[in-house]
Amino acid sequence: NAGVTQTPKFQVLKTGQSMTLQCAQDMNHEYMSWYRQDPGMGLRLIHYSVGAGITDQGEVPNGYNVSRSTTEDFPLRLLSAAPSQTSVYFCASSYSPGGVGYTFGSGTRLTVV
Amino acid sequence: GENVEQHPSTLSVQEGDSAVIKCTYSDSASNYFPWYKQELGKGPQLIIDIRSNVGEKKDQRIAVTLNKTAKHFSLHITETQPEDSAVYFCAASYGQNFVFGPGTRLSVLP
């Protein structure tokens with residue numbers, strides 16, 4: 001039972017490049033979300049999904065795109081990377097909306113130069 | 001929207017002492033309050049949570065208290081050990097999501 005798996009663990013991008021951060025869970029959780037973590041600011045919600053085919057914006061969605069074609073996968077796309085998107089990104093999943101029993105992945109550290 | 005404040009931002013205690021971290025929230029509709037522990041290089045891990053219909057919950061050395069009237073909740077760690085050193089985050093439910101506090105870096109000194 002792997003839980004929530006994020007790839008890659010580290011990534012360096014040049015300004016303007018695009019990339020996809022992968023997130024997969026094997027717990028059959030309906031609810032999945034993406035957070036970014038910046039020093040002194042805690043975790044801020046980027047996008048979330050309450051089930052396959054359903055996504056919605058969180059607190060800081062600009063510059064990011066998501067889709068949810070299966071229950072297991074919830075990729076996060078950076079459309080045109082900017083230095084302000086340098087951060088640590090966490091994917092999380094839960095069996096219920098509201099995040100009861102949230103399980104987080106181990107994170108992707110992204111640097112945009 | 002919901003706003004969660006957390007104090008202190010850093011906390012150092014001697015091994016064996018108690019540690020208390022306090023959070024306040026603004027939305028009276030929030031009804032679920034989890035606490036997460038994040039060790040260096042890892043994702044946050046749920047350590048305890050409390051619902052709005054409960055005033056206190058304990059799990060071994062960890063306890064959480066909730067005062068709905070004052071809109072604040074606290075994490076209490078007793079008999080601290082070096083492995084308790086980490087960053088702790090509180091959170092409050094907001095609709096289908098959470099709002100997290102900015103975190104408290106706890107250092108347990110041997």
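First the proteins, then the strands, lettered A, B, ... as listed; each starts at 1.
Under a hydrophobic clustering in which Ile, Leu, Val, Met, Phe, Trp and Tyr are joined whenever their side-chain heavy atoms come within less than 4.5 Å, directly or via other members, A/V88 and A/L110 fall into different clusters. In this structure, B/I50 is a member of the same hydrophobic cluster as B/I47, with clusters built from ILVMFWY side-chain heavy atoms closer than 4.5 Å. Side-chain heavy atoms closer than 4.5 Å link hydrophobic residues (I, L, V, M, F, W, Y) into clusters, and following such links, possibly through other members, connects B/V54 to B/L75.
Comparing B/K42, B/R105, B/Q45 by heavy-atom pairs within less than 4.5 Å of chain A, the highest count is held by B/K42. Between chain A and the options B/G1, B/P44, B/G103, the largest number of non-hydrogen pairs under 4.5 Å is found for B/P44.
Using a 30° and 60° split on the angle between ring planes, B/Y36 and A/F104 fall in the perpendicular class, above 60°.
Around atom CD1 of A/I54, more than 12 heavy atoms belonging to other residues, nucleotides or ligands sit under 6.0 Å away. For A/R109, the CZ atom is loosely surrounded, since the number of other residues' heavy atoms within 6.0 Å does not exceed 12. The local environment of CD in B/E79 is sparse, with at most 12 non-hydrogen atoms from other residues, nucleotides or ligands closer than 6.0 Å. Counting heavy-atom neighbours within 6.0 Å of B/E83 CD, excluding the residue itself, gives a total above 12.
Rounding to the nearest 0.5 Å places CD of B/Q96 at 11.0 Å from OG of A/S94. Taking CG of B/L46 as the reference point, atom OH of A/Y102 lies at 11.5 Å (rounded to 0.5 Å). Rounding to the nearest 0.5 Å places CZ of B/F98 at 11.5 Å from CG of A/L43.
Side-chain contact between A/Q37 and B/F100: absent, with no pair of heavy atoms (C-beta onward) separated by less than 4.5 Å.
The contact between A/V50 and chain B is made entirely by side chain atoms (from C-beta outward), counting heavy-atom distances below 4.5 Å.
Minimum interatomic distance between A/G42 and B/F89 (heavy atoms only, all atoms of both residues): CA-CE2, 3.7 Å.
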